[in-house]
Amino acid sequence: MSDVYFISRRSGPEGSLIDNLRKLIHKINFVSELRERDTVAVKLHFGEPELTTHLRPAFVRPFIEEIKKAKALPFLTDASTIYSGPRSEGVSHAEVAQMNGFTVYSTGAPVFIADGIDGGNFEEVEVGTPHYKKVQVAGEAHRAKAMVVLSHFKGHEMFGFGGAVKNIAMGLATKQGKLSLHSNVNPYIKHKLCTRCGRCLNWCAPGAIEIREKSAVIVGSRCSGCGHCIMVCPRKAAKIKWDMDFSEAQEKIAEYALGIVKPKKGKIWFFNFLLDITPECDCYTFSDSPLVHDIGILASRDPVSIDSASYELVNQARPNPESKASGAAPGDDKFAAGYPRTNPEPMFKTAVSIGLGEKKYNLIKID
Ligand code: SF4
Ligand code: SF4
């Protein structure tokens, strides 16, 4: 059982939410384990252009201030996406970070895209798990001496939720790694609903969608399974086969995460922000109303325990009546309101079996 520290979102004249975050950082005291000139990768998702619910730059600055007090060298990082768009290669990805406010002035640290300009900067890490002998990890993140993982906790169509495990695994996998994580997603287009608007084409990096006489069609052999056509189609014509089993993808994501955590044993810390808990992940250009109220921020050395605690805190909360989860009750899986057949249990089961972390946790509340 691992310790997970929790501080509430509640704040007032006696202290802001940023003050709460500082208390949490001091409680877990990760900076005491940094050495002078240690490079520290601060892993986060910079959001897409026009997204409004990703992590705000103001939450990053307290980490950078603390890391710099230890005379270590922090940098903000993420790796390229497999779907088309500005985060699919290094230069425009770094521009998105700037556009969304992650500048050296606002956060105190520069941005380096961990897999380089063309995604070719990576290291292979042996994991020896059921699906992978080795995984490919974005180079600068792997080579950093330490890592602080800042995760916006929200829903995800394949994994149920996106938290610490998904942030490092999907986030720091190379494009080839991301491809393997999505390999069993086979979307299709319902011809009767498709208006041939072409919007999905702009997001389809491998050019797997063709506009034909009556409808768009997906050429299965070219599809990477990134799922973006499903999310961007205004007519909901692009669909997932819901009889598809996501358990393999969930097992793989836990195994991939091991490739990031294993080489950094004792030098990696996780913070989950249970704020703006939206049904969809931050890879889309829109975000629906949060499923529940803002809850708070959690910290742990264990990526599995922190996700387990976050998931249970969201499920225990009352649903937001103006959200997809409006019909749910306290205790229900709130993320199921968006994706009723996605269950994160295979991720937890695999994560525990390979030693990534513990599902059971000891929640320590900080006043
Ligand atoms: S976005 Fe939807 S409606 Fe438009 S072409 Fe693609 S599948 Fe058809
Ligand atoms: S067809 Fe859809 S799921 Fe397949 S690669 Fe293109 S956008 Fe991604």
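Start at 1 and go down the list; that is how both ligands and their atoms are numbered.
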ask   = Can we say E66 and R61 salt-bridge, meaning some charged N sits less than 4.0 Å from an Asp/Glu carboxylate O?
value = no
ask   = With sequence neighbours left out, what residues match D38 under side chain to side chain donor-acceptor pair (under 3.5 Å)?
value = K267
message = Could you check whether D78 pairs with K43 (Lys NZ or Arg NE/NH1/NH2 to Asp/Glu carboxylate O, under 4.0 Å)?
response = yes
request  = Measure the spacing between OG of S310 and NZ of K154 and express it to the nearest 0.5 Å.
outcome  = 11.0 Å
SB check K360 E358 (cutoff 4.0 Å) = no
message = Can you tell whether the side chains of R143 and E140 come within less than 4.0 Å, N to carboxylate O?
response = yes
query = Does K175 come within less than 4.0 Å of E89, counting only side-chain N to carboxylate O?
reply = no
N, O or S atoms of the protein lying under 2.8 Å from atom 4 (Fe) of ligand 1 = C197 SG
request  = In plain terms, say whether K145 and E33 are close enough for a salt bridge, that is, a side-chain N and a carboxylate O under 4.0 Å apart.
outcome  = no
request  = Could you pull out all residues at least two apart from K265 that satisfy salt bridge (Lys or Arg N to Asp or Glu O under 4.0 Å)?
outcome  = none
ask   = Under 2.8 Å from atom 4 (Fe) of ligand 2, which protein N/O/S atoms are there?
value = C223 SG
